[in-house]
Chemist: 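The structure that follows is given in the form of structure tokens.
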Amino acid sequence: MATLVSYEDASPSADAELLRKACHGWGTDEKTVISILGHRNATQRKLIREAYQEHYKEDLVKRLEHELSGDFERAVYRWNLDPADRDAVLANVALRKENCDYRVIIELSCTLSPEELFAVKCAYQSRYKLSLEEDIASHTSSDLRKLLVGLVSIHRYQGNEVNLKLANSESNVLRNAIQEKSFNHEDILRIITTRSKPQLMATLNCYKDEHSCTITKHLKDDLNNAYIKTLRTTIRCISNPIKYFEKVVRNAIKKGGTNEDALTRVIVTRAEKDLKDIIEQYYKRNSVALDQAISKETSGHYKRFLLTLIGKED
């Protein structure tokens, strides 16, 4: 369930006018920016951008990028983009980090529908003048390249049909490959990257029932190996996205410094989808409310914006 509290009767023209005033007075009125954009869904935000462009001949996203700064600016910028364009930006940023953050590619390929992923790839090509597959290939190699390119290249079947005989057979294929330490076996890549999510879940459940252990535990042998670590993360994300994103958030705000990039990514990409479920999982796992953790680990307008998106205004 979503956490975003949007106002359905909001006027795009009126919002655009208020944002214009917020950005052109004596200093930026960040509270107005938060109160408007923090309560508008993706469709409404697009209409606001269009109204702003029509009335003021200016790109609202660029204006906000100029007016704001730091983690608050990055959060507002990513929130204000169309979802497909935002995901394209997140993927590009992840690939260009000194240490590539392959989790972003996994999240896109494992949680978006084939149609949504296709839209992201179109946005990526339009914005960066090369395909997402091409860019992933240029930043990876060997087995890791095969896995990640495979994940974003395939158009998974979306139906709910499950072939239990096939699931049992392929669970044995996976087990044999893992027992032989053949983690890069072509059948592992084929099964993980091509099977529909219901079919893959049936296979993973067969694996667990047959061997009294999840496949991810059998992939713990060498977590310093980028390929094995990425394969394991992929399976976790497909198997239970809520638990997966809870762990991303937990690691982002644990002691030792906040990872604002990861925290922002989860909140802005899940606030209109399933962030309420992630928040409930966070409390169940940590016995602390996520809004309390965010209030403790962040500050200023950035904190207020995140809290607004999770439905817990400061």
Chemist: Roughly how far, to the nearest 0.5 Å, is CG of Asn225 from CG of Asn184?
Modeler: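 The distance works out to 9.0 Å.
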Chemist: Would Arg78 and Glu73 count as a salt bridge (charged side-chain N to carboxylate O under 4.0 Å, His left out) if you check the C-alpha gap in whole Å, the side-chain angles of each, and the deciding distance to 0.1 Å?
Modeler: CA-CA 9 Å; Arg78 292 172 182 181; Glu73 180 273 318; over 6 Å; no
Chemist: Between CG of Leu112 and CG of Asp87, what distance do you get to the nearest 0.5 Å?
Modeler: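 Nearest 0.5 Å value for the CG-CG distance: 5.5 Å.
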Chemist: Do Tyr207 and His211 have their ring centres less than 6.0 Å from each other?
Modeler: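 Here the rings of His211 and Tyr207 have centres that are less than 6.0 Å from each other.
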Chemist: Let me see the working for Glu58 and Lys62 under salt bridge (charged side-chain N to carboxylate O under 4.0 Å, His left out), right down to the final yes or no.
Modeler: CA-CA 8 Å; Glu58 184 179 35; Lys62 290 183 178 179; over 6 Å; no
Chemist: At their closest point, which heavy atom of Leu37 faces which heavy atom of Trp79, and how far apart are they?
Modeler: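 Where Leu37 meets Trp79 most closely, the heavy atoms are O-NE1, 2.8 Å.
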Chemist: Going from CG on Asp15 to CD on Gln44, what distance comes out if it is rounded to the nearest 0.5 angstrom?
Modeler: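 Atom-to-atom, Asp15:CG and Gln44:CD are 8.0 Å apart.
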Chemist: Answer yes if the side chains of Glu30 and Thr32 hold a donor-acceptor pair under 3.5 Å, and no otherwise.
Modeler: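 No pair is found: no donor N or O on one side chain lies under 3.5 Å from an acceptor on the other.
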Chemist: Taking Asp82 first and then Arg45, would you say they form a salt bridge - that is, a charged N and a carboxylate O separated by under 4.0 Å?
Modeler: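 Arg45 and Asp82: not salt-bridged.
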Chemist: Would you say that more than 12 heavy atoms from the other residues, nucleotides or ligands in this model lie under 6.0 Å from the NZ of Lys197, or not?
Modeler: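 Buried by this count: over 12 neighbours within 6.0 Å.
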Chemist: Rounded to the nearest 0.5 Å, what separation is found between the NE2 atom of His39 and the OG atom of Ser6?
Modeler: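 Going from the NE2 atom of His39 to the OG atom of Ser6 covers 9.5 Å.
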Chemist: Are Tyr244 and Val266 connected in a single hydrophobic cluster, I mean Ile/Leu/Val/Met/Phe/Trp/Tyr linked by side-chain heavy atoms less than 4.5 Å apart?
Modeler: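 Yes, because Val266 and Tyr244 connect within a single hydrophobic cluster, where side-chain heavy atoms sit under 4.5 Å apart.
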Chemist: What verdict does the salt bridge (charged side-chain N to carboxylate O under 4.0 Å, His left out) test give for Glu280 and Lys276, after you've listed the backbone C-alpha separation in whole Å, the side-chain angles of each residue and the deciding distance to 0.1 Å?
Modeler: CA-CA 6 Å; Glu280 291 176 358; Lys276 186 172 289 187; over 6 Å; no
Chemist: Heavy-atom distance under 4.5 Å between the side chains of Arg270 and Thr3, does that happen here?
Modeler: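 A side-chain contact is absent here, since even the closest heavy-atom pair is not under 4.5 Å.
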Chemist: Starting at SG of Cys110, measure out to CZ of Arg156 and round the result to the nearest 0.5 Å.
Modeler: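 Going from the SG atom of Cys110 to the CZ atom of Arg156 covers 6.0 Å.
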Chemist: When you look at NZ of Lys21, are more than 12 heavy atoms from neighbouring residues, nucleotides or ligands closer to it than 6.0 Å?
Modeler: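 Not more than 12 within 6.0 Å, no.
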Chemist: Which of these, Arg175, Lys165, Arg195, sits in a side-chain hydrogen bond (donor to acceptor under 3.5 Å, both in side chains) with Glu170?
Modeler: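 Going through the options one by one, the only one that passes is Arg195.
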Chemist: Do we see a donor-acceptor contact under 3.5 Å between the side chains of Asn286 and Glu246?
Modeler: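 Side chains of Asn286 and Glu246: pair found under 3.5 Å.
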